[in-house]
Amino acid sequence: MHNINFIRENPTEFDNYMKQRGEHPISNKILELDKVKRETQTVLQSLLADRNSISKNIGKLKSENKDASSEMNKVDEIKNKINNLKELETIKDEELKTILSRLPNIADKTVPIGSNEADNTKYREWGEKPKFDFNPKTHFELGENLGLMNFETASKLSGSRFVLLKNQLSKLERAIANFMLDKHTNENGYIEYNLPFLVKDSALFGTGQLPKFGEDLFTAGEDHWLIPTAEVPLTNMVREEILNQNQLPMRVTSYTPCFRSEAGAAGKDTRGMLRQHQFTKVELVSIVEPQHSQDELERMLESAESILQDLNIHYRIMTLCTGDMGFSASKTYDIEVWLPGENTYREISSCSNCNDFQARRMNTRYKLENKNIFVHTLNGSGLAVGRTLIAILENYQMKDGNIKIPEVLKKYFNNSDTLI
RNA sequence: GGAGAGAUGGCUGAGCGGUUGAAAGCACCGGUCUUGAAAACCGGCAACGGGGCAACUCGUUCGUGAGUUCGAAUCUCACUCUCUCCGCCA
């Protein structure tokens, strides 16, 4: 949510920022609504002040046993006006909120300007592509050949975009999640949470999925939605809170399933388990003081990277351009992992600084010298577990179709060298 | 699912129709004292919004939404949530 004061003072600049994010100029409309609302409010408030003072007077007259009927008539006259103005103010205020709640965050100055993923820029890369003396297979060829990855049965249960992992692959998924959580809690300074997977509208509004992107989500009953990411419950833990400075920075993590309708992705990545309606992810969230959020983004990125480095898998980091960033982000790094079977890089993590955008929606502040200041929020995958499993299969595959166990995961596999 | 109790500021907790934006305590901030710290003492301290260059001033807010009233934290209704007991259950 945007600071209306910023728009009042910098309407042209604001429109330019919105244009970078693919929005039409809107500051005129916003300022017009804002103006009418404030003018209405001013008149309304002076009438309310009149009413209050007359009422107070009535109380005084009555306590002195004097006649108050002429004062009471006065208030009666004002009443109608008050009701009309209040109605008008509510309408204008709601229109304003509707517009503001659907506008994306302003991009940080260091973000490249562009319209789609072709304009993203490479930030850095790590490791090297592995060399094979055979044609590396895709993860789904490997998984299906091993008889441990099954799309048909999953489809029988739940339809398309679901997968079923069996035996050693199911165990691998569990090992990856444990490894990530152990790393983030023991070495990277995050506190682990076990969270609800169903949330209310207000939580999704806070992180920015609602009201605009409801079609990307699954609903559960009348009042709940399935979380598309643990970012939602993790970040909204501090919704409507005024934190103490000594509670910051707050670094939290959770391993949860994520549910996405993939409404706009029909026909995209239909083979394999790259894009599923349900997947698991270890999420990282930081709540920090404003002046620290840029450093925190780098720190979070490094925490996510540390997983792939320990797994010794090649990746590159892209800085997303203004047109490719998510709604709430002011700056986003994507970690793209190398997948030899697909001969391409694929996103495995997305780390974003949302600065005060979500904090304004959630009304989350912290106390600094008797002032209340909006916190900054950050979120990042650390990492997507399913895609990490894919990356391990494709990067650690052997000619016979078996999979080597990465060194750091061996302890979860009785020190076995290979999956089978 | 049945029965009851409750929701007030960052926290605890008084208030149950008219200087109550709200006692008191804790926390926090400033000061005195101290070599320093603690303790003690003194002072300050809700949020959000409107108007004003400013001093300041006005409005809204006591779970949420409606209603009664000249006037609501206080009365009425609906909803949400929390707690206790019983039943059921992983």
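Everything numeric here is computed off the predicted structure, so don't read it as measured data. All values below were derived from every heavy atom in this structure, side-chain atoms included, with hydrogens, water molecules and symmetry-related copies excluded. Below, read A as the first sequence line, B as the second, and so on, with proteins coming before strands; counting in each chain starts at 1.
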Roughly, in whole Å, what's the span from CD1 in A/I4 to P in B/G49? 11 Å
Ignoring backbone atoms, test whether A/R51 places a side-chain nitrogen or oxygen under 4.0 Å from the OP1 or OP2 oxygen of B/G59. no
Any N/O donor-acceptor pair, A/Q41 side-chain to B/G49 base, under 3.5 Å: no
Compare the minimum distances between each of B/A47, B/G71, B/C58 and the side chain of A/K367, then state the nucleotide with the smallest one. B/A47
Looking only at atom C1', what distance separates B/A66 and B/A54, rounded to whole Å? 41 Å
Could you tell me the Watson-Crick or G-U partner of B/U61, where both distances fall under 3.5 Å? Say none if there is no partner. B/A46
Applying the 3.5 Å cut-off to both distances, the Watson-Crick or G-U partner of B/U32 turns out to be B/A40
Value in whole Å for how far the P atom of B/U80 lies from CG of A/D201: 14 Å
Out of the candidates A/L419, A/L165, A/L164, only one should pair with A/L148 under the side-chain contact (heavy atoms from CB on, under 4.5 Å) rule; please name it. A/L419
Interatomic distance where CD belongs to A/E241 and C1' belongs to B/G10 [whole Å]: 9 Å
Watson-Crick or G-U wobble mate for B/C11, both contacts under 3.5 Å: B/G25
Watson-Crick or G-U wobble partner for B/C75, using a 3.5 Å limit on both distances? B/G67
For B/G36 versus B/C26, give the span between their C1' atoms, rounded off to a whole number of Å. 26 Å
With P as the reference atom in both, quote the distance from B/A55 to B/C45 in angstrom, rounded to an integer. 16 Å
Would you classify A/K79 as touching base, sugar-phosphate or nothing, given that sugar-phosphate means primed atoms plus P, OP1 and OP2, and contacts are heavy atoms under 4.0 Å? sugar-phosphate
Pairwise 5' ranking along RNA chain B for A/K62 and A/N372, keeping only the more 5' one: A/N372
Tell me if the centroids of the rings in A/F162 and A/H277 come within less than 6.0 Å of each other. yes
In short, A/M300 meets A/C351 closest at the heavy-atom pair CG-SG, 4.2 Å
Using the P atom on both, measure B/G63 against B/G21 and round to a whole Å. 16 Å
A/Y366 OH to B/C28 P: how many Å, rounded? 18 Å
Watson-Crick or G-U wobble mate for B/C83, both contacts under 3.5 Å: B/G4
So A/N52, base contact, sugar-phosphate only, or nothing? Heavy-atom distance under 4.0 Å. sugar-phosphate
With a 4.0 Å cut-off on heavy atoms, is A/R8 in touch with a base, just the backbone sugar-phosphate, or nothing at all? sugar-phosphate
Is the A/Y333 ring parallel, tilted or perpendicular to the A/Y123 ring (thresholds 30°, 60°)? parallel
Using the P atom as the reference point in each nucleotide, state the distance between B/C42 and B/C53 in Å, no decimals. 41 Å
Provide, to the nearest angstrom, the distance between the CE atom belonging to A/M72 and the C1' atom belonging to B/U69. 9 Å
Mind checking A/N244 for me? I need base, sugar-phosphate or nothing, with any heavy atom below 4.0 Å counting as a touch. nothing
First encountered from the 5' end of RNA chain B, between A/A49 and A/I58: A/A49
Within the structure shown, what part of the strands sits under 4.0 Å from A/L48 by heavy-atom distance: base, sugar-phosphate, or nothing? sugar-phosphate
Spacing of the P atoms in B/G17 and B/G13 (rounded, Å): 22 Å
Working to the nearest 0.5 Å, report the span between NZ of A/K281 and CD of A/E231. 7.5 Å
Grab the CD1-C1' distance between A/I242 and B/C48 for me, whole Å please. 10 Å
When all nucleic acid strands are considered with a 4.0 Å heavy-atom cut-off, which category describes A/E71: base, sugar-phosphate, or nothing? nothing
Say you pick atom C1' in B/C77 and the same atom in B/C86; how far apart are they, in whole Å? 29 Å
Geometric cation-pi criterion, A/K171 with A/F413: 6.0 Å, 45°: yes
Could you measure between the two P atoms, the one in B/A5 and the one in B/A78, and give it in whole Å? 15 Å
Rounded to the Å, how far apart are A/N3 CG and B/C48 C1'? 13 Å
Which heavy atom of A/K92 sits nearest a heavy atom of A/K37, and at what distance? CB-CB, 4.1 Å
Mind checking who B/A54 pairs with, Watson-Crick or G-U wobble, both distances under 3.5 Å? none
Starting from P on B/G10, measure out to CZ on A/R365 and report it in whole angstrom. 8 Å
